[in-house]
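The structure appears right after this line, and notes come after that.
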Amino acid sequence: MKLLRVGPAGAERPALLDREGTVRDLGGIVPEIDGALLADPAALARIAAAEAEGTLPALDPALRVGPPLAGIGKIVCIGLNYHDHAAETGAQPPAEPVVFMKAPDTVVGPHDTVLVPRGSEKTDWEVELAVVIGRTLRYAASHEEAMAAVAGYAVAHDVSEREFQIERGGQWDKGKNCETFNPLGPWLVTADEVPDPQALPLKLWVNGELKQDGSTASQIFPVAEVVRYLSQFMTLYPGDVINTGTPAGVALGQPDPKPYLKAGDVVELSIEGLGTQRQEFKQA
C-alpha cells in the first residue's frame with residue numbers, strides 16, 4: 001500500500017493512493033498514519049480490505065501532500081553510507097555505520113518550501129532512502145529479525161548545511177537540524193511492495209540539472225545491517241525513521257566553486273517506486 005497524509009500543515013488527514021493513482025480518504029477507517037497504526041496488523045488489514053472493496057471516497061488531487069507519517073519518535077541518520085559518496089568527499093569507507101540524529105521537527109511535506117538558514121553559504125542536497133519502523137526492536141540477532149521490524153519506505157531529503165556541520169566545531173547536528181531540513185514522502189510504501197531495498201535507483205536534480213544518479217545497491221551498510229546495528233545501541237519503536245545515506249553528487253563533493261543551494265533554487269528528487277519530491281528554496 002501507498003499511505004499518505006493530505007491537507008493543510010498540522011491538519012493533515014490519512015489517505016491512500018490506489019493502484020489507479022487516485023487519492024482515497026482513510027479518515028473513516030483509521031484516525032492517523034503513525035507508529036500506532038504501523039504496529040497494528042488488524043488496522044492495516046482494514047485498510048487493505050477497504051482498498052480491495054473500492055469503496056473509499058476520492059479526495060481532491062489538488063490537496064497539499066504532507067509528510068506521510070505523524071508522531072515520528074526519532075530520526076536516526078547514517079552518514080557516508082555509499083562507496084561513491086565517501087570517495088567524492090575524500091573519506092575512507094567507515095568500518096561501522098556513522099550515526100547522527102535529526103529532530104522530528106525538521107520534517108516537512110515533500111513539496112513544501114525549504115528554508116536556507118540565515119548566514120548559510122553551504123546548504124547542500126542529499127536524496128536518501130528512509131526506512132520506517134513498524135515494531136519495537138531491541139538487540140536484533142539477525143538481518144531477518146531486523147527486516148521484520150520494517151514497516152515501509154519513503155523518500156527523504158537530508159538537507160545539510162556543510163559549514164555548520166563540518167567547520168563550526170562539535171558534532172554534525174548543527175548542520176542537520178535547521179528548520180525544514182527533512183522533507184519526507186510523498187508516500188509511505190509498505191514493505192511488501194519493496195521486495196529488495198538494495199535495488200532502488202535514486203536521483204536528484206537542481207534547477208533541472210541531474211546531480212545525483214545512484215542506487216541503493218552501492219550502500220556500504222545495507223538496510224538490514226543498518227537496522228540490526230542501530231538496535232544494538234538504541235531501541236527502535238514504531239514510527240521511528242532511519243535515513244540511510246546518500247549517493248555521490250552532492251555539492252560538497254564537487255570542484256570549487258561548489259554549487260551550494262541558494263534562495264530561488266528548485267530541487268527535485270525521486271526513488272523508483274517511492275515517489276518524487278519538489279522543493280523551492282527560500283531565505284529563512
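Both backbone and side-chain heavy atoms feed into the values below; hydrogens, waters and symmetry mates do not.
- Remark: of the listed residues Ile133, Ile75, Thr235, Ile133 is the sole one forming a side-chain contact (heavy atoms from CB on, under 4.5 Å) with Asp240.
- With rounding to the nearest 0.5 angstrom, the CD atom of Glu280 is 14.0 Å from the NE2 atom of His111.
- Not a single salt bridge (Lys or Arg N to Asp or Glu O under 4.0 Å) links Arg46 to another residue, sequence neighbours left out.
- Under a 3.5 Å cut-off, the side chain of Glu128 and the backbone N or O of Gly245 do form a donor-acceptor pair.
- When side chains are defined from C-beta on, Tyr260 does not count as touching Thr123, because their heavy atoms never get closer than 4.5 Å.
- Residues Val159 and Val108 do not share a hydrophobic cluster, defined by chaining ILVMFWY side chains whose heavy atoms lie under 4.5 Å apart.
- With contacts defined as side-chain heavy-atom distances shorter than 4.5 Å, the pair Ile29/Leu56 qualifies.
- A salt bridge does not link Lys176 with Asp173: every distance from a Lys NZ or Arg NE/NH1/NH2 to an Asp or Glu carboxylate oxygen is 4.0 Å or more.
- Separating the CE atom in Met1 from the CG atom in Leu16 is a distance of 7.0 Å, to the nearest 0.5 Å.
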Quiz prompt | Stepwise side chain to side chain contact (heavy atoms under 4.5 Å, CB included) test for Met101 and Val76 | solution = CA-CA 5 Å; Met101 309 288 281; Val76 190; 4.0 Å; yes

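- The distance from atom OG1 of Thr190 to atom CG of Leu38, rounded to the nearest 0.5 Å, is 9.5 Å.
- Placement of Ile33 and Val131 in two distinct hydrophobic clusters is found when ILVMFWY residues are connected by side-chain heavy-atom separations under 4.5 Å, directly or transitively.
- The residue from Arg278, Arg64, Gln277, Gln279 that alone fulfils the side chain to side chain donor-acceptor pair (under 3.5 Å) condition with Asp112 is Arg64.
- When side chains are defined from C-beta on, Leu63 does not count as touching Val23, because their heavy atoms never get closer than 4.5 Å.
- Contact check for Leu204 versus Thr246: no side-chain heavy atoms found under the 4.5 Å cut-off.
- Applying the ring pair (Phe, Tyr, Trp, His ring centres under 6.0 Å) test to Trp172 and every residue at least two apart in sequence or in another chain returns Phe100.
- Under a 4.0 Å N-O distance rule, the pair Lys258/Glu88 does not qualify as a salt bridge.
- You'll find the side chain of Arg13 reaches within 4.5 Å of the side chain of Val6, heavy atoms only.
- Atoms CD and NZ, on Gln254 and Lys211 in that order, are 4.5 Å from each other to the nearest 0.5 Å.
- Lys203 has no carboxylate O lying under 4.0 Å from a charged side-chain N of Glu268, or vice versa, which leaves the two without a salt bridge.
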Exercise. List the steps, then state whether side chain to side chain contact (heavy atoms under 4.5 Å, CB included) holds for Asp40 with Leu44.
Key: CA-CA 6 Å; Asp40 186 348; Leu44 293 170; 5.9 Å; no

Practice problem: Using the side-chain hydrogen bond (donor to acceptor under 3.5 Å, both in side chains) rule, take Gln165 and Ser160 through it: C-alpha gap first, then chi angles, then the decisive distance, then the call. | Solution: CA-CA 7 Å; Gln165 175 189 353; Ser160 307; 4.5 Å; no

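- For the pair Val267 and Trp205, the minimum side-chain heavy-atom distance is 4.5 Å or more.
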Exercise. List the steps, then state whether side chain to side chain contact (heavy atoms under 4.5 Å, CB included) holds for Leu115 with Phe181.
Key: CA-CA 8 Å; Leu115 299 175; Phe181 263 27; over 6 Å; no

